[in-house]
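Some notes on the structure that comes next.
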2 protein chains.
Amino acid sequence: MSTERSGDYLRRSLELLWGRRERPTRGPKPALTLERIVAAGVRIADAEGIEALSMRRVAAELRVGTMSLYRYVPGKAELLELMIDRAYGMTDGTDAPEGANWRTVLRYVALGTWRMYLDHPWLLQVNLARPVLGPAAVAGFDYALSGLADLDITDHERIGFVAAVDGYVAGCARTHVNAAQAARQTGISDEEFWAAHGPMLEKAMLSGAYPHVAALAEDTFAVPGERLFEFGLERLLDGLETFLARRSGAGGGANGGEASGGTDGIEAD
Amino acid sequence: MSTERSGDYLRRSLELLWGRRERPTRGPKPALTLERIVAAGVRIADAEGIEALSMRRVAAELRVGTMSLYRYVPGKAELLELMIDRAYGMTDGTDAPEGANWRTVLRYVALGTWRMYLDHPWLLQVNLARPVLGPAAVAGFDYALSGLADLDITDHERIGFVAAVDGYVAGCARTHVNAAQAARQTGISDEEFWAAHGPMLEKAMLSGAYPHVAALAEDTFAVPGERLFEFGLERLLDGLETFLARRSGAGGGANGGEASGGTDGIEAD
DNA sequence: CCGAACCGGGTACACCGTACTCGATTGCGC
DNA sequence: GCGCAATCGAGTACGGTGTACCCGGTTCGG
């Protein structure tokens, strides 16, 4: 029975995602649209944070009874899935470089994803079990793959490239986005936070337990998160480039094969 | 007034984190310990997921009234902070290579963090605004820095290295951990999930809208997440190595400076 | 034109975090 | 020894959440 129920739920959710929407002909015209509900959800999450998103809040935004939403969406989880795919789709790819260098493509994807996370921080805060396989997500994945089409690597390595970039972007963005929202979310300003931590950290530094942290210059942590992100991104792309050079070139570039272990590609199981 | 309150909260929270605990001499002996409460919280979150963690649940675990917890912890947020620092501290660093190659140190840190995220998936699901600056976290950061001490790079670049690895690990682990928990969290098995998605995806592939995804070999997605993680990690470390080689070597290695933009380090503001 | 199908949404329940409050317990100062 | 202040455990209650269930009004097919 649980199997049937979950099967139904999945089918319903997928139909919503991929837009199989046929209105029944009987009954009154719906006052709402899936589109409007999802848009309202995104608006609220963007403006007030994911913790402010509740079914009641969405209904209030649309001037509608809370339970009316359940005529369009099976539950909050499905609403979140739809919001995620909508956010994916909101990044316009009009300026996407076509037929460009693989590095240019991956960098474009990474920066676009980064900007998307900054615009919709809740994307990283809602912990969705499985990736949302909606049209927008698949399209983005396809574009990333298009940049790798001409490379002489296996398909496993192709998704290895994409996964590495995606993982790096998500991780960095998570830190950055959380920090940016910190003041609003906790009600504690950066000044208060560091003023409270200052004495504690200073004592910890003087204790000698953390010599390498203590040795850092004072302004070390003043680097803006975006700069850190771009720095690491280029390093990661460099590393992918090294992989390609090793693969195609005659056995190892000047990077010295000795110190770098794990140069193997991704073999099948 | 809000300033005073938040200041107090911060001070209290910090004292809990850094273990400034002086028992008052008056009054009855406490029946609980901070330690026991935090441990119970970690146990519940590990076993049943972060969504199962509630103050009532923790209190029940300790056979204690719900409100008794508030004698030891200001609120749920602070309990989470303590749980996080405890999880950081649970990774024993006894096998940490001392005075090793920078690459060995960073790889060790990355693998340790990865394993920690697998053991405590909720670390990536609780969205904490600001990083938890507890003793364990600072110690881990210090160890990572120790591996970079001898390198001829700026402090900004040092934290650039660490942030890149940390970001990558967190992002990859998030995806992997969510996938691993998916069945339990949604009540939908992988078989059901893919069975439901299969027809939809097949139709999408046949539509021609996603040519590069459609061109992938069938078993492309069968790569275990851990393999993907290790692959990208070595690529990232390769990239950091390239950066060092460029910095110390006589202007650019064999990697060809032309195609790789953004080779600059991190300058101050 | 009637009945089936569909829409909006009110009510209710179980859960959550926690503010407030109480009596019970303890040990210091006298 | 004793009183009192301090500390402890915890019950009650409030406002929030997601959503199951249900009912009256609306609309169109036969």
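Numbers restart at 1 for each chain; the letters A, B, ... are given by sequence-line order, proteins then strands. These values consider heavy atoms only, across backbone and side chains, with no hydrogens, waters or symmetry-generated copies. Predicted model only: the values in this text are computed from it and were never measured.
With sequence neighbours left out, B/Asn178 forms a side chain to side chain donor-acceptor pair (under 3.5 Å) with B/Gln125. Not a single salt bridge (charged side-chain N to carboxylate O under 4.0 Å, His left out) links A/Asp119 to another residue, sequence neighbours left out. Residues passing the salt bridge (charged side-chain N to carboxylate O under 4.0 Å, His left out) test with A/Arg86, sequence neighbours excluded: A/Glu35. Evaluation of the ring pair (Phe, Tyr, Trp, His ring centres under 6.0 Å) rule for B/Tyr108 yields B/Tyr143 as partners, not counting sequence neighbours.
For B/Lys29, a side-chain nitrogen or oxygen approaches OP1 or OP2 of C/dG27 to under 4.0 Å. In this structure, B/Ser68 reaches the D/dA10 phosphate: one of its side-chain N or O atoms is under 4.0 Å from OP1 or OP2. Phosphate contact (OP1/OP2 of C/dG8, side-chain N/O of A/Tyr72, threshold under 4.0 Å): present.
No side-chain donor-acceptor contact under 3.5 Å links A/Lys203 to the backbone of A/Gly198.
Set against D/dT7, D/dT19, C/dG17, the side chain of B/Pro28 has D/dT7 as its closest nucleotide. Among D/dG9, D/dT19, D/dT12, the nucleotide with an atom closest to any side-chain atom of B/Met67 is D/dT12.
As rounded to whole Å, 12 Å separates atom C1' of D/dG9 from atom CD1 of B/Ile37. When the C1' atom of D/dG16 is taken as reference, atom NZ of A/Lys76 falls 12 Å away, rounded to whole Å. Going from atom CG of A/Leu69 over to atom P of C/dG8 covers 10 Å, rounded to whole Å. Between the CZ atom of B/Arg71 and the C1' atom of D/dA6 there is a distance of 10 Å, rounded to whole Å.
The residue among A/Leu32 and B/Ala77 whose nearest nucleotide of DNA chain C is located toward the 5' end is A/Leu32.
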Taking distance alone, no hydrogens or angles, what donor-acceptor pairs closer than 3.5 Å link side-chain atoms of residues 37-47 of chain A to residues at least two apart or in another chain?
from    : atom 1 : to       : atom 2 : distance (Å)
A/Arg43 : NH1    : A/Glu61  : OE2    : 2.8
A/Asp46 : OD1    : A/His120 : ND1    : 2.8
A/Asp46 : OD1    : A/Trp122 : NE1    : 2.6
A/Asp46 : OD2    : A/His120 : ND1    : 3.0

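Of the residues in residues 47-65 of chain B, those with a non-hydrogen atom less than 4.0 angstrom from any atom of DNA chain D are B/Val64, B/Gly65.
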